[in-house]
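Whatever order the structure lists them in is the order used to number ligands and atoms, beginning at 1.
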Amino acid sequence: MHAPKQVPTQAYRASLLHFIDDPRLNEQATQWHEDGLLIVRDGRVQAAGDYASLKRTLDDAVEVQHFPGKIIAPGFIDSHIHYPQTDIIGSPAPGLLPWLEQYTFPAERQFQDPHHASEVAAFFLDELLRCGTTTAMVYCTVHPASVDAFFEASSSRNLRMIAGKVLMDRNCPEFLRDTAEGGIRDSETLIKKWHNKGRQLYAITPRFAPTSSAAQLQLAGELARAYPDTFIQTHVAENRDECAWARSLFPQARSYLDIYDGYGLMRQRAMYGHCIWLDDEDRARMADTRSAVALCPTSNLFLGSGLFDFKSAEAAGMHLSLATDVGGGTSFSMLQTMNETYKVARMGGCHLPATRLFYLATLGSARSMQLEGCIGNFAKDTEADFILLDPQATPLMARRTSQCNSLEELLFALALLGDDRSIAATYAAGKQVHVRK
Ligand code: GUN
Ligand code: ZN
């Protein structure tokens, strides 16, 4: 008999940042250890805290990897992104609906080819990891094979990913159209195949109300009730033309959001992209149902969709998370997304502290998805998805961060000036999955 193989403990020493609560509501929420230690065992966090106190708990045989000047933080969680739009990022069009017609639908058509889907999925995941994003809620295309390709690529890297097949049975090109029943049947097959398989999670994904019939939304709501721990993702109230279109297709609904509500699509683990043109009744409904917002500032600015209203969202107690929305979004980097989030909030008269931006990209996002305790911070036994941030990634950043007098100033400089170059390394379930060249 062989003794079970001992999985070695890993220990990482650097400054350490994570959150145990929302820093807007709790002064003790930000956990910062200037000289910190993260101990990982079996792919999970064993302990996180001050080096001086935790070092004593380590077996002498454990080698501590030391990264002076770097910051260990939880991997970023991007709550809304389209992997099939990787190749059309930064495509010019005057607004959402022309952009969908001219670029998005032709790009998504190519995912009928599983080889293409696998090739793009691999590039997409590498790009996320290069930017320090370890979890994302991902739209695939209408083709079930695009979901298989994505989850195969994600599970082979042992990443915690959430994804789903787009449901779309009308108002789109014939080559991307499913049927109400066929789309739901395929979704259920994919749930059984992938949901909770390893680290993979499934999201029921009606693209948006204009491209689903009432029958399809009805069946999507029934599927969501039958599988209550699955996720739901869709778009809402992104663009004024889209809002008018949705209202004209569902005249009985009180509002655009109310269309989804009427079909049972608002609940925990439902993620609504954009949420720009909501009213107060919608906002209250988002909070009451614990549905969450995926805030997509680079996309909203790029497509000219509008500015997210932070003050009203916070007053209503809505659950917020940050998202890139690539390819409508113009960067895979959650640091760049924080940068634009800050400016959008500023245009609405708010000043978002950097601690809040980092919270929204980590624990805030995990909470929005009911994944606290699994990912998003360094609580004991959470999955060890983390990054090494480099405040000196560029000559300018080195110069700026050498002048910072507080943690807030340091994190603010990282959020406003940082990008993929600021990610020195990325780890998923305790394994290094990216190192900056
Ligand atoms: N609304 C419906 N589909 C899409 C999409 O692919 N991107 C964005 N930004 N909005 C949408
Ligand atoms: Zn989107």
Side-chain angles (χ1 to χ4, degrees), residues 78-111 120 124 136-143 146 150 162-173 176-178 183 203-212 216-217 220 231-247 249-250 256-257 259-260 265 270-278 292-308 321-332 337 340 344:
D78 182 342
S79 62
H80 179 132
I81 186 166
H82 301 252
Y83 99 84
Q85 297 174 13
T86 301
D87 290 343
I88 56 154
I89 187 170
S91 292
L96 172 68
L97 300 177
W99 176 81
L100 285 174
E101 287 290 334
Q102 284 172 39
Y103 291 103
T104 312
F105 292 153
E108 294 192 6
R109 180 180 200 171
Q110 296 180 60
F111 286 71
V120 177
F124 171 88
M137 202 185 272
V138 180
Y139 288 68
C140 301
T141 64
V142 74
H143 314 97
S146 74
F150 179 79
I162 306 151
K165 180 201 115 66
V166 162
L167 292 163
M168 185 154 65
D169 69 344
R170 66 166 170 173
N171 293 324
C172 64
L176 285 179
R177 203 170 301 168
D178 58 12
I204 297 165
T205 308
R207 181 176 212 116
F208 64 158
T211 50
S212 282
Q216 187 168 65
L217 292 177
F231 295 76
I232 297 170
Q233 60 181 347
T234 191
H235 298 84
V236 72
E238 174 178 3
N239 162 294
R240 284 196 146 125
D241 294 338
E242 169 224 13
C243 292
W245 190 23
R247 297 297 305 281
L249 291 167
F250 295 92
Y256 185 173
L257 184 70
I259 301 169
Y260 299 119
L265 291 164
M271 184 62 73
Y272 282 86
H274 307 290
C275 296
I276 293 172
W277 305 103
L278 299 185
V293 182
L295 255 142
C296 307
T298 73
S299 168
N300 299 156
L301 294 171
F302 173 66
L303 291 170
S305 303
L307 302 174
F308 182 78
S321 62
L322 297 194
T324 62
D325 192 29
V326 165
T330 51
S331 173
F332 276 78
T337 303
E340 301 300 301
V344 166

Just by modelled atom types, is the [Y] backbone N or O under 3.5 Å from a matching donor or acceptor in the [X] side chain?
X      : Y      : value
Tyr260 : Ala209 : yes
Asp325 : His80  : no
Glu242 : Glu238 : yes

Check each heavy atom of [X] against ligand 1 and say whether those closer than 4.0 Å belong to the side chain, the backbone, both or neither.
X      : value
Thr211 : neither
His274 : side chain
Phe105 : neither

Closest protein heavy atom (residue, atom, distance) for [atom]:
atom                    : result
atom 10 (N) of ligand 1 : Glu238 OE1, 2.7 Å
atom 6 (O) of ligand 1  : Arg207 NH2, 2.7 Å
atom 7 (N) of ligand 1  : Trp99 CZ3, 3.5 Å

Stepwise side chain to side chain contact (heavy atoms under 4.5 Å, CB included) test for Ile204 and Leu167: CA-CA 8 Å; Ile204 297 165; Leu167 292 163; 4.2 Å; yes
Only heavy atoms of [X], strictly under 4.0 Å: list the atoms of ligand 1 that pass.
X      : answer
Asp325 : 8 (C), 9 (N)
Phe208 : 1 (N), 2 (C)
His82  : 5 (C), 6 (O), 7 (N)

Which pairs count as side-chain hydrogen bond (donor to acceptor under 3.5 Å, both in side chains) when at least one residue sits in residues 89-104, sequence neighbours excluded? none
Does the side chain of Glu340 pick up a donor-acceptor pair with the side chain of Thr298 at under 3.5 Å?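 No, Thr298 and Glu340 have no side-chain donor paired with an acceptor closer than 3.5 Å.
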How about His235 and Tyr256: are their ring centres within less than 6.0 Å of each other? no
For ligand 1 and Gln85, I'd like to know whether there is a polar contact (N/O to N/O, distance under 3.5 Å).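 Checking ligand 1 against Gln85, an N or O pair does fall under 3.5 Å apart.
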Under the salt bridge (Lys or Arg N to Asp or Glu O under 4.0 Å) test, which residues partner Asp178, sequence neighbours left out? Lys165
List nothing but the number: protein N/O/S atoms under 2.8 Å from the Zn ion (ligand 2).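 Protein N, O or S neighbours of the Zn ion (ligand 2) under 2.8 Å, waters not counted, come to 4.
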Heavy atoms, side chains only, cut-off 4.5 Å: are Val236 and Trp277 in contact? no
Which residues share a ring pair (Phe, Tyr, Trp, His ring centres under 6.0 Å) with Tyr83, sequence neighbours left out: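 Listed in chain order: Phe111, Phe124, Phe150.
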Considering all heavy atoms, the nearest Leu322-Thr337 contact: CB-CG2, 4.4 Å
